Amino acid sequence: MDTIFALATARGRAGVAVIRISGPEAFASTARLMGDVPVARGLRALRDRAGDLVDEAFVLRFADGKSFTGEDVVELHLHGSPAVVSAVLRILGDDPAMRPAEAGEFTRRALTNGRLDLAQVEGLADLIDAETESQRRQAVRVFSGALGEIADSWRKRLIRAAALLEATIDFVDEDVPVDVVPEVRDLLQAVRSEMAREAAGVRMAERLRDGFEVAIVGAPNVGKSTLMNRLARRDVAITSEIAGTTRDVIEVRLDLDGIPVTLLDTAGLRDTDDLVESLGVARARARAEQADMRVHMLLDAPVPSHDLAAGDIYVRAKADTGAGGGLAVSGLSGTGVEALIALISGELGRRVASVGLAMRERHRVALLRAVTSLDDAGAWLDAEHGMLDLIAEDLRTAIRAVDSLVGRVDVEQVLDEIFSSFCIGK
């Protein structure tokens, strides 16, 4: 196994920069840089091959089996000057016993060495990318091993069911004193129910990870862009009294009570002979239909100009002009804006309440594969002449699907894609 090194913090000027070295030559190679590696931690002068001082660093040493990667690891906490970082990386690069790390290689070694399972690796990737509190909480749950724990619970119960059936098969010519079918049926039904619930929450988990889209729709000149600017707390859209000012979809990323939201300001919905505006209206309708929810702004019209879908919100526009009835908002004065934010975040919060631990399409596919196998096993079990060997094979298929969740089997094809999203120093 090669010894690798990389900058583990962001590039650029900072108070502290961290360089991580991992592998069998980590201690010996860094000793050539500082004279001796501290037993646990300590200050060391780093010198180049000519003996000139490069920097004074705080050095951490992690023994094999006690580090993030599971290997011997040394971390150099340097002064965060780009010149210092470049000099130390250059010295390490000149050492033939080491090489620069590839993207995600430290985390991949943690997986290989049993420090993390595959679901935890995915949780770590989501934690690094988390922008909001809800994303952070969800990522931490998976990174802490919660999905692996429930997968282990499923696996143990399915193995128990398979063992009961195998025992029956082994003693098929003898009198088996206990009917195992009731216990097997209970085990399969309980596991199947939990798996189906997790699979059903994946779509919403993906929306939580990637962010929800909320479109502001309505007729021209009802204040959509003004409201957009108020919600974004900056001028992101041009506003004027001229109807049709907004010709394209304008997007801004927001954090609404910990939920990631991309707000869409759309062209006013109306019939027009203006070719450019008509293209904008068509695009607005298409994006509004694809959005997770819509905020319909009404002025004089008694009903929205776009079909209401479950979870949509409608508000009375230009509250500062005296419009009433229902929730009235004004992007100009701010009237009703906080109430609108509460409505949006409340609706999205109800949706993410269904999110479990499975967060990716890969998880959903594995869970549905297991559910299908358990359904087949249950059908055979309920048959008048249950085919025990077929039921046992269905259970083995379900167990393999569970194992693929945490990377015990069938993972090579997804590893490169997963680790490509990591930075070099992770």
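Heavy atoms only: backbone and side chains are in, while hydrogens, waters and symmetry mates are out. In this text, all values refer to a predicted model and were calculated from it rather than measured experimentally.
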Please step through side-chain contact (heavy atoms from CB on, under 4.5 Å) for the pair V261 and L348, ending with a clear verdict. CA-CA 9 Å; V261 172; L348 296 181; 3.6 Å; yes
Chi angles and distances behind the side-chain contact (heavy atoms from CB on, under 4.5 Å) call for L264, V214: CA-CA 6 Å; L264 309 177; V214 176; over 6 Å; no
After noting the C-alpha distance and the side-chain angles of I21 and V73, does the key distance pass the side-chain contact (heavy atoms from CB on, under 4.5 Å) rule? CA-CA 6 Å; I21 303 105; V73 168; over 6 Å; no
Check against side-chain contact (heavy atoms from CB on, under 4.5 Å), R351 and D292: CA-CA 10 Å; R351 298 187 191 186; D292 297 291; 3.9 Å; yes
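Note: E213 CD to E251 CD = 6.0 Å, rounded to the nearest 0.5 Å. With values rounded to the nearest 0.5 angstrom, L367 atom CG is found 9.5 Å from R362 atom CZ. Annotation: the span from D394 atom CG to I399 atom CD1 amounts to 11.0 Å, rounded to 0.5 Å. In this structure, D403 CG and R396 CZ are separated by 13.5 Å, a value rounded to the nearest 0.5 Å. To the nearest 0.5 Å, atoms CG (D94) and CG (D48) are separated by 10.0 Å. One finds the CG atom of L188 at 7.0 Å from the CG atom of L158 (value rounded to the nearest 0.5 Å).
At least one test fails for R41 against the ring of F58: distance under 6.0 Å to the centre or angle within 45° of the axis. For the pair R20 and F106, the cation-pi criterion (under 6.0 Å, within 45° of the ring axis) is fulfilled.
In this structure, the side chains of W154 and L405 come closer than 4.5 Å at one or more pairs of heavy atoms. Contact of the E194 side chain with the V191 side chain is not registered, since no non-hydrogen atoms from C-beta on lie closer than 4.5 Å. When side chains are defined from C-beta on, V329 does not count as touching R316, because their heavy atoms never get closer than 4.5 Å. Counting only heavy atoms from C-beta outward, the side chains of L78 and L46 approach each other to under 4.5 Å. A heavy-atom distance below 4.5 Å is found between the side chains of F212 and I259. Annotation: side chain of L327 is in contact with side chain of L340 (closest heavy-atom distance under 4.5 Å). When side chains are defined from C-beta on, L263 counts as touching V252, because their heavy atoms get closer than 4.5 Å. Side-chain contact check for T3 versus F27: every heavy-atom pair is 4.5 Å or farther apart.
Here the rule is salt bridge (charged side-chain N to carboxylate O under 4.0 Å, His left out) with D126, and of R136, R137, R360 only R360 fits it. Considering R157, E149, K156 as possible partners of S153, the one that fulfils the side-chain hydrogen bond (donor to acceptor under 3.5 Å, both in side chains) test is R157.
Across G70 and D64, no two heavy atoms sit closer than the pair O-OD1, 2.5 Å. Across every non-hydrogen atom of R61 and V37, the tightest pair is NH1-O, 3.5 Å. Of all the heavy atoms in V184 and L381, the pair that sits closest is CG1-CD2, 3.9 Å. Scanning both residues, L111 and D117, for their nearest heavy atoms gives CD1-C, 3.7 Å. In terms of heavy atoms, R115 sits closest to G65 at NH1-O, 2.9 Å. The heavy-atom pair separating L7 from L89 by the smallest distance is N-CD2, 4.3 Å.
Within the 3.5 Å criterion, the main-chain N or O of A401 finds a donor-acceptor partner in the side chain of S404. No side-chain donor-acceptor contact under 3.5 Å links T69 to the backbone of S22. Looking only at distances, no side-chain donor or acceptor of R203 sits under 3.5 Å from a matching main-chain atom of E361. Not one N or O on the side chain of S373 forms a donor-acceptor pair closer than 3.5 Å with the backbone of L395. Using a distance-only test at 3.5 Å, with no hydrogens or angles considered, a donor-acceptor pair links the side chain of D55 to the main chain of H79. Checking side-chain atoms of Q138 against main-chain N and O of G356 turns up a donor-acceptor pair under 3.5 Å. Using modelled atom types, one side-chain atom of Q135 and one backbone atom of T132 make a donor-acceptor pair closer than 3.5 Å. For T30 (side chain) and A26 (main-chain N/O), a donor-acceptor pair under 3.5 Å exists by modelled atom type. Counting only distance, with no hydrogens or angles, the side chain of D312 and the backbone of M293 share no donor-acceptor pair below 3.5 Å.
R32 and S29 share a side-chain donor-acceptor pair at under 3.5 Å. Between the side chains of S86 and R90, no donor-acceptor pair of N or O atoms lies under 3.5 Å. Using a 3.5 Å distance cut-off with no hydrogens or angles, the side chains of E75 and H77 do pair a donor with an acceptor. T397 and R400 are linked by a side-chain donor-acceptor pair at a separation below 3.5 angstrom, with hydrogens and angles left out of the test.
With respect to R108 and E105, no salt bridge is recorded, no charged nitrogen being found less than 4.0 Å from a carboxylate O. Ionic pairing of E122 and R209 is not present here: no N-O contact between side-chain nitrogen and carboxylate oxygen is shorter than 4.0 angstrom. A salt bridge links R109 to E71: one of the charged nitrogens lies within less than 4.0 Å of a carboxylate oxygen. Ion pairing between R47 and D52 fails under the 4.0 Å rule for side-chain N and carboxylate O.
Atom CZ of R160 sits in a sparse spot, with 12 or fewer heavy atoms from other residues, nucleotides or ligands closer than 6.0 Å.
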